[in-house]
Amino acid sequence: MINNVCIPVGPVHPALKEPIKFKFDVEGEKIVGVDVDMGYNHRGIERAGMERNFVQGLYLAERVCGICSFSHPFAYCRAVENAANIEVPERANYIRSIIAELERVHSHLLWAGVAAHEIGFDSVLFLVWKNREKVLDILEEITGNRINYAMLMIGGVRRDIPDEQRAKLHKVVDYYAETLSAVEEVFMNDKTIQLRTRNVGVLTKEEALALEAVGPTARASGVKKDIRFDQPYAAYTDADVKPVVPEKAVGDVFDRIWVRLEEVKQSLGLITQFVDEMPSGELVSEKSVIKLLADLSRVEGEGIGRHEAPRGEVTHYVLLKSQQTPFTWKMRAPTYNNVMPWYPMFRDTELADAPIIAASIDPCIACADRVTVVTGAHTSELTNIELHKKSLEKTRRLQNG
Amino acid sequence: MEALKKSLWVFHINTGGCNGCDIEIIAALTPRYDTERFGIKLVGSPRHADVLLVTGPVTRKMKSKLLRVYKQTPDPKVVMVVGNCGSTKGVFHHHYHVVGPVDKIIPVDVYVPGCPPRPEAIIYGVAKAWEKLEGEA
């Protein structure tokens with residue numbers, strides 16, 4: 001009997017831009033096992049966040065991931081606000097939700113392009129990314145940046161959306177109402193995409209529930225899971241957000257494409273609603289940053305912040321102990337949950353389908369690479385110095401004994 | 001820019017960045033900025049590349065990989081760093097798992113600061129890299 005061949009892919013590889021290593025066990029062309037080696041992107045953000053004050057922490061949270069650069073600080077803000085019982089002004093809530101939905105549009109379009117690229121359909125990549133520039137333009141106009149928006153402040157937002165920008169937001173929504181149909185036409189009807197995505201990388205509903213998949217990955221398998229629906233917050237309390245779930249969910253790559261395209265439409269509807277209904281009022285609960293930091297440094301307690309990022313639920317937890325900095329900061333990004341569902345998806349598929357399956361959960365390795373300290377298990381870490389000390393002690397013990 | 005003597009092929013390596021620069025690099029290739037009209041394109045292997053484009057602050061685990069990719073890129077080559085964290089570590093200074101910036105590990109020719117830099121800035125950086133390559137030739 002011939003042993004299985006192990007094909008290592010990564011950490012530097014052309015398919016995914018981020019460093020991650022896959023080890024595929026293959027039998028001929030069939031994948032029989034997969035192992036994922038992560039941690040190449042671990043930068044120690046949580047640890048550094050515990051050494052910086054709350055406003056500096058916002059900058060760090062923003063740079064966890066460049067694609068969900070609103071979701072992470074949003075969840076972080078909500079966690080700190082939860083701990084300190086800060087009431088966010090209603091207008092700020094609406095602005096937050098508008099930016100969050102704009103980010104979802106840009107992220108899902110980005111993903112649609114990448115997915116098309118993975119199956120070798122580059123003209124669709126260019127079509128989608130051309131359309132995507134429009135939402136980046138409006139984000140730049142509102143926030144001042146294309147990618148890292150720096151829009152959030154603990155207790156509110158930094159910038160307002162004045163009336164002339166509201167008109168522009170409506171124009172952007174109209175632009176997508178026109179151009180999205182072309183993108184949808186390609187994805188829903190093109191033969192190449194049908195052949196490459198139907199019944200590929202199937203994740204059944206039971207597996208999705210057992211492995212705690214989140215976001216579009218879970219919804220494409222028929223799991224009705226959406227924080228905006230389950231526990232509405234910010235402006236979503238006033239909106240009727242229904243989780244986008246396909247009628248006959250197969251849980252294949254095609255369903256994931258469908259869910260994301262439908263969510264873009266849903267987001268455009270939400271943006272229109274929020275822009276129309278935006279109330280007037282304050283932007284932040286506390287205008288003086290110095291006073292805000294002083295207030296926060298007297299807070300004791302823990303807080304949790306959840307937000308439905310484009311890729312799924314992102315959760316931030318903070319523990320405050322009357323310090324200038326958070327005592328503990330822990331984040332859980334959606335990709336972290338969606339790594340395990342990779343295993344059933346990859347099983348018994350062709351090696352050629354690996355790139356599109358890997359991309360189908362919209363992985364964001366920068367988000368997911370967090371370190372976990374396990375207490376109680378039989379592992380411990382020693383630094384160089386500690387190890388050297390142990391060695392010295394042994395020498396002494398032997399000499400004495 | 002006068003007629004290019006050669007098309008620049010770029011290999012992109014992410015050494016632990018946040019994706020922000022990476023998506024701007026791809027945005028520079030797509031229709032609005034369209035660098036492919038100058039023959040600038042991303043390639044799948046460092047062995048085909050003229051320019052090594054590095055993003056990210058270099059994490060401990062990626063350091064050896066970055067060195068290996070640098071050695072695999074044939075001479076003459078230009079190393080270009082995109083983003084603040086690759087140029088100076090930026091917001092990731094003092095992080096325990098970050099060993100960058102990039103110029104501590106491999107020699108760097110062109111820096112494109114910004115968090116993330118706009119696609120125009122990245123294209124300008126590639127043009128600078130081209131000047132350097134043509135100057136050497």
Side-chain angles (χ1 to χ4, degrees), chain A residues 10-21 37-49 51-52 56 59-60 62-69 72 106-107 110 113-114 117 122 125-134 136-137 140 145-148 150 364-367 369 371, chain B residues 11-34 36 42-46 48 53-66 68-69 72 83-85 89-100 114-120:
Chain A
V12 182
H13 48 93
L16 291 171
K17 287 291 162 224
E18 292 173 282
I20 183 171
K21 188 171 181 179
D37 179 13
M38 297 178 76
Y40 294 96
N41 218 325
H42 177 72
R43 285 153 290 168
I45 289 180
E46 287 164 343
R47 182 77 188 89
E51 288 160 3
R52 299 185 193 181
Q56 289 168 334
Y59 287 83
L60 269 178
E62 200 148 59
R63 280 152 186 82
V64 171
C65 168
I67 306 174
C68 351
S69 57
H72 278 283
H106 118 69
S107 176
L110 179 149
V114 172
H117 170 73
D122 271 358
L125 163 77
F126 289 142
L127 169 74
V128 177
W129 279 59
K130 192 182 108 208
N131 292 345
R132 177 178 162 266
E133 288 290 332
K134 196 83 180 172
L136 290 182
D137 284 347
E140 187 180 12
N145 287 312
R146 279 162 59 93
I147 305 291
N148 290 334
C364 176
I365 317 303
C367 289
D369 270 353
V371 74
Chain B
F11 181 75
H12 168 214
I13 171 171
N14 178 339
T15 61
C18 74
N19 279 337
C21 301
D22 313 42
I23 52 177
E24 289 294 63
I25 289 161
I26 302 178
L29 298 170
T30 49
R32 179 177 290 183
Y33 302 100
D34 195 14
E36 285 205 11
L42 286 184
V43 289
S45 164
H48 302 159
L53 204 158
V54 189
T55 56
V58 192
T59 59
R60 211 171 280 275
K61 225 176 158 180
M62 278 305 285
K63 186 184 168 185
S64 56
K65 276 53 177 189
L66 175 63
R68 197 195 292 180
V69 167
Q72 284 174 349
N84 276 352
C85 54
K89 284 213 269 191
V91 74
F92 302 124
H93 67 96
H94 291 153
H95 283 209
Y96 60 83
H97 208 252
V98 173
V99 294
C115 193
R118 295 180 58 88
E120 289 96 329

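Bear in mind the structure is a predicted one, so any value in this text is a computation, not a measurement.
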The interface call for I45(A) against chain B, heavy-atom contacts under 4.5 Å, is both

Interface residue of largest heavy-atom contact number with chain A, from I23(B), V98(B), I25(B), under 4.5 Å:
I23(B)

I need the residue from I26(B), L42(B), I13(B), V69(B) with the largest number of non-hydrogen atom pairs under 4.5 Å to chain A.
I26(B)

Residues two or more places apart in sequence or in another chain: which of them pass side-chain contact (heavy atoms from CB on, under 4.5 Å) with R68(B)?
Q72(B)

Interface moiety of L66(B) toward chain A, non-hydrogen atoms closer than 4.5 Å
neither

Quick one: what part of P46(B) sits under 4.5 Å from any heavy atom of chain A, side chain, backbone, both or neither?
neither

Check each atom of H72(A) against the heavy atoms of chain B and say whether the ones under 4.5 Å are side chain, backbone, both or neither.
neither

Pairs of heavy atoms under 4.5 Å with chain A: top-ranked of G90(B), P57(B), A27(B), G56(B):
A27(B)

Within the distance-only criterion (no hydrogens, no angle test), does the side chain of K61(B) pair as donor or acceptor with the backbone N or O of M38(A) below 3.5 angstrom?
yes

Output for pair (E24(B) CD, L29(B) CG), nearest 0.5 Å, gives 11.5 Å

Does Y96(B) offer a backbone N or O that forms a donor-acceptor pair with the side chain of R60(B) under 3.5 Å?
yes

Donor-acceptor under 3.5 Å (R43(A) side chain, N41(A) main chain):
yes

Interchain contact, Q56(A) with chain B, by part (heavy-atom threshold 4.5 Å)
neither

Sequence neighbours excluded, which residues qualify as side-chain contact (heavy atoms from CB on, under 4.5 Å) partners of H48(B)?
W9(B), V43(B), S45(B)

Is the backbone N or O of E140(A) less than 3.5 Å from a side-chain atom of N145(A), with the two atoms forming a donor-acceptor pair by type?
no

Could you report the tightest heavy-atom contact between I20(A) and Y40(A), atom names first, then the distance?
CA-CD1, 4.3 Å

Best-contacting candidate, C21(B), C85(B), C115(B), against chain A by heavy atom pairs under 4.5 angstrom
C115(B)

Considering only heavy atoms and a distance below 4.5 Å, find which of E62(A), R63(A), R47(A) pairs most often with chain B.
R63(A)

Max heavy-atom pair count under 4.5 Å with chain B, selected residue of G113(A), C65(A), P11(A):
C65(A)

